[in-house]
A.B. asks: 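For reference, the structure I am asking about is given below.
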Amino acid sequence: MPAQLLTGTPVVEELYTRIRSALQNLSPHTPYPTLAVLIPGDPSAQAYARAIRKHFSNLCLQVREFMLDDQMEEFDFLQLIKQLDSDTSVTGILALQPLPPRISKSTLSLAMPPTKDVDGVSYEQQGRLALGTPGVVPSTPLGGILLLQHYGITVAGRHAVVIGRSPVVGRPLTLLLLTADATVTICHSRTPDLAHLTRQADLLFTAAGRPGLVIPDMVKPGAVVVDFGVTVVGQRLVGDVDPAVAEVASALTPVPGGTGPVTTAVLACNLLRLARLWPEELFSKTKHRYIT
Ligand code: NAP
């Protein structure tokens, strides 16, 4: 029997319902949730910015956009972050990647104020995730976990194999899975005999950006496969997983329409989380874990 398709739309709808209800309950003393988006010239970043604008406007969340010039100097970037940090009308800050050439990822992680870090890029939030302490988590991997939760797929006690170790997807996903009591194997481009490891996965996640990397022979029959990969091939968006994997897996996220739409919805949840716990409660021991 072909795999169940784990589409993102119902997960997004569920999250939107929670966001709308949370917005209705906002205290009048809480600043209205406003996201500052820093947009570099890269076309993929601009496409993501358009998606954020559209989805946030549907939710009546405010977005303020700041274009980053390719020639931007580190000093000017730091000044901008500082200005947004002291602006009380800004709830969260998102710097889209790839950053301008003179701004390093470590500069971003150091400069991003943890209380406005909507996508978990600051060293503070990354450290929290590494320790399994509540905090704000990068939206793409958190979206993957929420997608599994939505479809009632158990993570605890299962063997999860993650392909990819980038700071935005593979690495935080590994830590989230550990916190959710999975046993995790992480693979990357230097992993010998990838298929030997992927065939052991109950839950197989891929975030390599390599179309067709995962073929049916690499998947244990009945495994759940979550594909974060997005690559433009001709006019189409394709994932890392060969569509024929649907004949072996029990469930599979499609590309497009799987993990992608959930990312933007989780970003909105993260913004709300920053707004609702604004700001001094953010780091207190809270019953909330990763999401409102
Ligand atoms: P990245 O920084 O290029 O990282 C890719 C990772 O995959 C690296 O760890 C790399 O290993 C590993 N890798 C590459 N080829 C491999 C191979 N043949 N075998 C095993 N591992 C391999 O990319 P990223 O930013 O994490 O993004 C990954 C994919 O997710 C891209 O397609 C991106 O467009 C997509 N993405 C999707 C969403 C979403 O919302 N669904 C959000 C963000 C990104 P090394 O570390 O050894 O180089």
Side-chain angles (χ1 to χ4, degrees), residues 5-9 11-12 15 37 40 42-52 54-55 94-99 104-106 108-109 118-121 126 129 137-148 150 160-177 184-201 204-215 217-219 225-233 236-242 245 252-270:
L5 275 189
L6 307 175
T7 57
T9 309
V11 190
V12 171
L15 292 175
V37 188
D42 179 80
S44 63
Q46 301 207 350
Y48 187 26
R50 282 194 296 278
I52 293 171
K54 181 176 148 209
H55 289 276
L94 176 69
L96 297 181
Q97 305 206 22
L99 295 165
S104 68
K105 286 183 183 167
S106 56
L108 174 66
S109 294
V118 76
D119 210 25
V121 298
Q126 289 188 38
L129 177 59
V137 175
S139 46
T140 299
L142 179 54
I145 300 284
L146 293 177
L147 188 138
L148 293 183
H150 174 91
V161 174
V162 178
I163 307 174
R165 57 175 165 180
S166 80
V168 282
V169 193
R171 206 171 283 250
L173 175 65
T174 300
L175 294 166
L176 277 173
L177 287 164
V184 190
T185 301
I186 182 161
C187 309
H188 46 78
S189 66
R190 306 290 298 276
T191 301
D193 201 353
L194 183 65
H196 171 71
L197 295 167
T198 58
R199 274 197 289 268
Q200 297 173 41
L204 176 59
F205 301 85
T206 177
R210 298 282 182 275
L213 175 66
V214 177
I215 57 173
D217 186 43
M218 293 168 69
V219 178
V225 180
V226 178
D227 191 352
F228 292 100
V230 182
T231 307
V232 180
V233 177
R236 291 187 312 130
L237 290 182
V238 296
D240 292 347
V241 177
D242 181 332
V245 164
L252 170 67
T253 58
V255 177
T259 55
V262 184
T263 294
T264 318
V266 174
L267 193 68
C269 295
N270 278 351

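Order of appearance sets the numbers: ligands from 1, and atoms from 1 within every ligand. These figures come from a predicted structure and were not determined experimentally.
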A.B. asks: Hey, are the side chains of Leu142 and Val262 touching, using non-hydrogen atoms and a 4.5 Å cut-off?
C.D. replies: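 Contact flag for Leu142/Val262 side chains = no.
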A.B. asks: Near ligand 1, which protein residues have a heavy atom under 4.0 Å away?
C.D. replies: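 Residue list for ligand 1: Thr140, Ile163, Gly164, Arg165, Ser166, Val168, Val169, His188, Ser189, Leu194, Ala207, Ala208, Gly209, Arg210, Leu213, Phe228, Gly229, Val230, Thr259, Gly260, Thr263.
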A.B. asks: Who passes salt bridge (Lys or Arg N to Asp or Glu O under 4.0 Å) against Asp42, sequence neighbours left out?
C.D. replies: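 Salt bridge (Lys or Arg N to Asp or Glu O under 4.0 Å) list for Asp42, sorted by chain: empty.
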A.B. asks: Find out whether Val255 and Val241 are in side-chain contact, i.e. whether some heavy atom of one side chain is under 4.5 Å from a heavy atom of the other.
C.D. replies: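 No - every pair of side-chain heavy atoms lies 4.5 Å or more apart.
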A.B. asks: Sequence neighbours left out, what passes side-chain hydrogen bond (donor to acceptor under 3.5 Å, both in side chains) with Thr206? Give chain and number order.
C.D. replies: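 With sequence neighbours excluded, Thr206 shows a side-chain hydrogen bond (donor to acceptor under 3.5 Å, both in side chains) to Asp240, given in chain and number order.
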A.B. asks: Partners of Thr7 by side-chain hydrogen bond (donor to acceptor under 3.5 Å, both in side chains), sequence neighbours excluded?
C.D. replies: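 Tyr151.
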A.B. asks: Going from CD on Gln97 to CG on Asp119, what distance comes out if it is rounded to the nearest 0.5 angstrom?
C.D. replies: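 It comes to 8.5 Å.
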